[in-house]
Visitor: 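Would you mind keeping the following structure in view while I ask a few things?
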There are 2 protein chains.
Amino acid sequence: MAERVLAGYLREKGLKQSSKRDKVLDVFLKTRDHLSTEDLHGLVKQNDPSIGYTTVYRTLKLLAQCGLAFEVDFQDGVVRYEHSLNRRTHHHMVCTSCGDSVEFFASELDNVQRRIGKEFHFQPSRHTFQILGTCEACFKKNQSAT
Amino acid sequence: MAERVLAGYLREKGLKQSSKRDKVLDVFLKTRDHLSTEDLHGLVKQNDPSIGYTTVYRTLKLLAQCGLAFEVDFQDGVVRYEHSLNRRTHHHMVCTSCGDSVEFFASELDNVQRRIGKEFHFQPSRHTFQILGTCEACFKKNQSAT
DNA sequence: TTATCTGCAAAGCATTTGCAGCACA
DNA sequence: TGTGCTGCAAATGCTTTGCAGATAA
């Protein structure tokens, strides 16, 4: 299914299929995490050590372009990706202390996007929303440290 | 007023005041934009060419620490700052084509932050929200280009 | 055969930092 | 006098790209 999307995109753009790209996609889809290029490269290497960082990097860009992957930014200077297969639109709350994250849904945000777009005559395409804070474990740790 | 905040913070931390830091703050407060370190350094240099990039960089960090400046991330790989003096909490809608931005208010977001924090036992400290899309001018330009 | 892929190493680029001399307290 | 402040230049760390050999079509 996702393979079809990628194959179609490659054909449309005059690009070629390759077994390495397929492997990267395959490993990527098996995760449920938010992976940096380096993270994914680490996983891919376990499967096929001959696949280099650059290929993973470029494949992730392709996947983002054909809609199979989304970039997520946890404000820590590293680009992460998550796949969109069978995933509802969601957002993240990130612990600024340990980096852990949870996902949540907030349907109000679509309404906000629509309302503000109309008000300022923008064509909104997407939004980013993220809550930053401290998770329960880190909060307790900080308290006991005092 | 803002000078007091900075002075108090410096004293509390055992740091010293300096005329250069004062100048950076002064120029920063006169803007209403979202400035990168480089942007602000450009403005500061007009006022005092002897002030280097590093000082602006470090002063912005200080201002962020004492609450006078906020970091904003327009997803383009550059950190920007805006000052918080006499400013209500607001958000940005950014045109991904020309980089132009508008500010808006959306009170729903505080409720979302509170609700999700409670649900997942987080101590939320802040959130980021941003709408990305195409502004009216760029939208028209794209249409006529077709 | 020919354009596209790949891995490597190197380049880019914004952000940080080490250090020697300067300035505030 | 003694910290902390500054500017410069260099280091960092992630992202991106040039290139030569490998591969899909």
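Quantities reported herein were computed from a predicted structural model and do not represent experimental measurements.
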Visitor: Starting at atom CG of B:D22, determine the distance to atom P of D:dC5, rounded to an integer number of angstrom.
Guide: 12 Å
Visitor: Tell me if the side-chain of B:T54 makes a donor-acceptor pair with the base of D:dC8, cut-off 3.5 Å, by modelled atom types.
Guide: yes
Visitor: Name the residue closer to the 5' end of DNA chain D, choosing between A:T37 and B:G52 according to the nucleotide with the nearest heavy atom.
Guide: B:G52
Visitor: What's the CG-C1' distance between B:L15 and C:dA23, to the nearest Å?
Guide: 15 Å
Visitor: Under 4.0 Å, heavy atoms only, any strand: does B:E38 hit a base, just the sugar-phosphate, or nothing?
Guide: nothing
Visitor: Send over the distance from B:L60 CG to C:dT15 P, rounded to a whole Å.
Guide: 10 Å
Visitor: In this structure, how many angstroms lie between the P atom of D:dT15 and the CD atom of B:Q75, rounded?
Guide: 14 Å
Visitor: Can you tell me if A:R21 touches the phosphate of D:dA24, counting only side-chain N or O atoms and a distance under 4.0 Å to OP1 or OP2?
Guide: no
Visitor: Evaluate side-chain hydrogen bond (donor to acceptor under 3.5 Å, both in side chains) for B:S19 paired with B:D22, printing each intermediate quantity in order.
Guide: CA-CA 5 Å; B:S19 64; B:D22 291 343; over 6 Å; no
Visitor: Send over the distance from B:L10 CG to D:dC5 P, rounded to a whole Å.
Guide: 7 Å
Visitor: Output yes when at least one side-chain N/O atom of B:K61 is less than 4.0 Å from OP1 or OP2 of C:dT16, else no.
Guide: yes
Visitor: Atom CG of A:D76 to atom P of C:dT16: distance rounded to whole Å?
Guide: 12 Å
Visitor: When you check the phosphate oxygens OP1 and OP2 of D:dT16, does a side-chain N or O of A:Y57 lie under 4.0 Å from one of them?
Guide: yes
Visitor: Specify the separation, in whole Å, of atom CG of A:L35 and atom P of D:dT15.
Guide: 13 Å
Visitor: To the nearest 0.5 Å, what is the distance between CD on B:E103 and NE2 on B:H34?
Guide: 4.5 Å
Visitor: Which of these nucleotides, C:dA23, D:dC8, C:dT4, is closest to any side-chain atom of B:K16?
Guide: C:dA23
Visitor: Of the nucleotides C:dT15, D:dT15, D:dT6, which one has an atom closest to the side chain of B:S18?
Guide: D:dT6
Visitor: Grab the CZ-C1' distance between B:F74 and C:dA14 for me, whole Å please.
Guide: 17 Å
Visitor: Pick base, sugar-phosphate or nothing for A:S19, based on heavy-atom distances below 4.0 Å to the nucleic acid.
Guide: nothing
Visitor: For A:S50 and A:D48, which I'm curious about, is there any donor-acceptor pair between the side chains at under 3.5 Å?
Guide: yes
Visitor: Check whether any side-chain nitrogen or oxygen of A:R58 sits under 4.0 Å from OP1 or OP2 of C:dC5, and answer yes or no.
Guide: no
Visitor: Check every strand shown and say whether A:S50 touches a base, only sugar-phosphate, or nothing at a heavy-atom separation below 4.0 Å.
Guide: sugar-phosphate
Visitor: Would you please test A:H91 and B:H127 for ring pair (Phe, Tyr, Trp, His ring centres under 6.0 Å) and show each step?
Guide: CA-CA 11 Å; A:H91 298 90; B:H127 62 255; over 10 Å; no
Visitor: Under 4.0 Å between a side-chain N or O of B:Y53 and OP1 or OP2 of D:dT6?
Guide: no
Visitor: What class does the angle between the rings of A:H92 and A:H90 fall in, given that below 30° is parallel, 30 to 60° is tilted and above 60° is perpendicular?
Guide: perpendicular
Visitor: Identify, between B:V79 and B:Q17, the residue whose nearest nucleotide on DNA chain C lies closer to the 5' end.
Guide: B:V79
Visitor: Could you check whether the rings of B:H41 and B:Y53 sit parallel, tilted or perpendicular, using 30° and 60° as the cut-offs?
Guide: perpendicular
